[in-house]
Amino acid sequence: MNISPPLLNRDTAVLTPFVDAGILDASAVHVADAIARGVGGIDFESLLGAALAARAPALGHVCIVPATVADSIVIDDSRAPAPNDLPWPDPDLWVAGIAASPAVRVADDPPGPVVLPLVWDGTRLYLERYWRYEQHVADDLLRRAGTPGGVAGDYPDLDSLLDPLFGPGAGSGGNRQREAAERALTSRLVVVAGGPGTGKTYTIARLLTAALRVSLARGQTLDFALAAPTGKASARMTEAVRDEIATTDLDQRVSDALRDAEATTIHRLLGPTPGIRFRHDQTNPLPHDLVIVDETSMVSLPLMSRLLAAVRPDATVVLVGDPYQLASVEAGAVLGEIVGTSTPTRPEGPLAHDVVLLERVHRFGADSPIAALADAVRVGDADLAVDLLRTDRSGELTWVDGDDAAGISVLQQEAAAGAVEAIRAAHAGDASAGIRHASDLKVLCATRLGRLGVAAWSDRIEALAGACCRTPASDGAGTWAGRSSSCATTT
């Protein structure tokens with residue numbers, strides 16, 4: 001990832017070793033250069049800090065820790081020098097230099113007449129914009145967590161409302177789905193966190209049913225919004241809510257409201273306008289009393305900041321998702337930071353009381369090897385994960401060694417067969433069947449390159465599918481050979 005010499009001027013030439021090693025790219029260098037020129041020049045320590053802070057969002061981070069950043073960097077190019085061989089500043093001098101830099105505002109200091117481009121907060125260096133996003137999200141969540149109220153804050157008998165929907169009981173050994181619903185109805189903030197199969201969408205649907213019943217009992221109309229970061233996630237959310245109609249004995253008015261409920265993307269909810277602004281913000285807030293966001297793990301820090309700014313201060317926010325699952329493609333891991341390392345028996349952090357962890361998996365039995373494998377992957381226990389794969393005799397898991405050419409070939413044939421069915425459905429004009437076949441089987445690869453990487457799997461599946469998908473041409477003569485879209489993705 002070398003930057004050509006014209007992109008390095010006299011002031012940024014000191015960054016050459018980090019450019020040649022592939023750590024800094026053109027955008028990071030240009031941001032650092034612009035910061036230096038904006039304040040009339042800065043020393044090497046501050047210039048390097050600015051470049052690394054500009055690099056961080058591209059890697060999903062909102063800040064850097066200069067004292068330890070050298071140990072956190074991995075260089076893919078084997079020909080490049082090791083990170084620790086680069087001319088890093090002395091950590092103590094680096095920290096002192098950054099804190100005293102004319103381009104940096106120390107977080108505890110009052111803002112000056114000019115907004116400085118970098119912020120030093122404790123041990124972390126931020127681009128000012130990301131520090132502001134983080135502060136806004138933290139302040140908003142803490143304010144909502146400390147404010148009583150909610151859709152049913154003074155409802156006289158919540159038990160009679162919740163028991164038919166969730167069953168009785170809550171607390172550490174009880175019904176956590178019911179507990180999540182109760183908190184969402186009686187406060188301004190609740191975070192519902194859990195892995196696959198723990199009933200998050202089930203909880204959303206029944207929580208919404210309870211909220212609608214409260215509003216109807218009071219002769220009011222509940223203005224609510226369902227949102228998710230992607231179109232696919234919002235479609236799943238809509239489907240889960242509508243499925244609730246068939247599983248619960250509902251008042252006709254509740255049933256109609258659920259049937260009409262349709263989740264949308266967060267961007268559409270906020271109302272995109274030309275440029276980077278949204279129609280709804282703190283000066284033009286959303287009208288909703290209750291805003292439920294699914295798949296919150298995929299919501300970036302900037303988007304979460306804009307969403308919370310647009311939700312009325314007296315409205316309730318329900319954040320739902322798996323903190324260990326899909327991360328935002330942009331900077332920030334908001335849900336993961338909120339949940340942290342909390343457990344049902346050991347809550348941690350200032351928002352711990354507002355986090356409900358759903359741990360019981362309803363999709364598998366308590367002794368399911370798939371559930372055990374998911375837990376091992378979640379906590380990063382690679383040895384246990386491999387042992388489960390190698391030793392399972394239940395038929396739920398199958399291990400194929402990387403050197404087993406015949407076993408790999410069978411898997412490739414299976415993946416190609418799914419691609420063939422998707423192609424045939426597409427040519428038949430059956431979109432729903434095509435999407436279903438395309439979703440039934442996925443290949444997750446640990447690397448992009450190599451014998452078992454994404455590229456190799458994609459090429460093999462496309463070749464096999466192309467050889468299989470031959471249908472008569474419209475005139476009865478000749479054939480058509482189609483290529484499947486890749487079903488190999490990285491994880």
Side-chain angles (χ1 to χ4, degrees), residues 1 3 6-19 23-70 72-73 87-140 275-277 281-282 300-306 309 328 330-334 337:
M1 193 189 296
I3 294 181
L7 296 177
L8 290 170
N9 58 34
R10 181 183 63 185
D11 296 323
T12 58
V14 292
L15 301 177
T16 298
F18 300 90
V19 171
I23 293 175
L24 299 178
D25 63 6
S27 62
V29 172
H30 281 311
V31 170
D33 186 34
I35 289 173
R37 286 186 282 107
V39 298
I42 52 179
D43 55 23
F44 164 64
E45 288 80 7
S46 299
L47 187 70
L48 179 59
L52 291 170
R55 166 187 181 268
L59 301 175
H61 307 298
V62 298
C63 64
I64 64 165
V65 181
T68 60
V69 68
S72 67
I73 289 177
W88 297 98
D90 175 86
D92 293 335
L93 296 178
W94 197 3
V95 167
I98 288 175
S101 172
V104 176
R105 177 170 82 88
V106 177
D108 293 335
D109 293 343
V114 177
V115 176
L116 296 178
L118 299 167
V119 174
W120 177 252
D121 192 346
T123 61
R124 302 181 299 275
L125 181 66
Y126 295 78
L127 292 178
E128 192 275 340
R129 179 163 55 113
Y130 285 95
W131 178 83
R132 186 165 22 93
Y133 287 144
E134 189 171 271
Q135 291 301 304
H136 175 258
V137 169
D139 291 345
D140 188 280
I276 61 173
R277 296 187 179 276
D281 55 19
Q282 60 267 34
S300 68
L301 178 65
L303 185 57
M304 181 62 75
S305 177
R306 292 186 171 100
S328 164
E330 299 180 60
V334 180
E337 293 293 332

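Residues Ser101 and Ile42 share a closest heavy-atom pair of OG-CG2, 3.8 Å. The heavy-atom pair separating Ala103 from Leu116 by the smallest distance is O-CB, 3.7 Å. The nearest pair of heavy atoms linking Pro57 to Ala54 is CD-O, 3.4 Å. Residues Val119 and Val104 come closest through the heavy atom pair C-CG1, 4.3 Å. Listed here is the closest heavy atom pair of Val106 and Ala99: CG2-O, 3.8 Å. When every heavy atom of Leu15 is checked against every heavy atom of Ala51, the shortest pair comes out as CD1-CB, 4.3 Å.
The stretch residues 35-44 participates, sequence neighbours left out, in these side chain to side chain donor-acceptor pair (under 3.5 Å) pairs: Asp33-Arg37, Asp43-Ser46. The salt bridge (Lys or Arg N to Asp or Glu O under 4.0 Å) pairs that include a residue from residues 115-128 are Glu128-Arg132, where partners are two or more places apart or lie in different chains.
Contact annotation: the side chain of His61 never approaches that of Tyr130 to less than 4.5 Å [non-hydrogen atoms, C-beta and beyond]. The side-chain heavy atoms of Val62 and Trp131, taken from C-beta on, include no pair separated by under 4.5 Å. Between Phe18 and Leu48 there is a side-chain heavy-atom pair separated by less than 4.5 Å. Side chains of Ile23 and Leu52 form a contact here, defined as non-hydrogen atoms less than 4.5 Å apart. A 4.5 Å side-chain heavy-atom check between Glu134 and Tyr126 finds at least one atom pair inside the cut-off.
Taking CE of Met304 as the start and CG of Asp140 as the end, the distance is 10.0 Å to the nearest 0.5 Å. Taking CG of Leu47 as the reference point, atom OG1 of Thr12 lies at 7.0 Å (rounded to 0.5 Å). Atom OH in Tyr133 sits 3.5 Å away from atom CZ in Arg306 (nearest 0.5 Å). The distance from the NE2 atom of His136 to the CG atom of Leu301 is 10.5 Å, given to the nearest 0.5 Å.
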Assess whether side-chain contact (heavy atoms from CB on, under 4.5 Å) is satisfied between Arg55 and Asp25, documenting all intermediate values. CA-CA 8 Å; Arg55 166 187 181 268; Asp25 63 6; 5.7 Å; no

Counting only pairs under 3.5 Å, give me each side-chain donor-acceptor contact of residues 90-98, with atom names and distances, residues two or more places apart or in other chains.
residue, atom, partner, partner atom, Å
Asp90, OD2, Asp92, N, 3.1
Asp90, OD2, Leu93, N, 3.1
Trp94, NE1, Glu45, O, 2.9

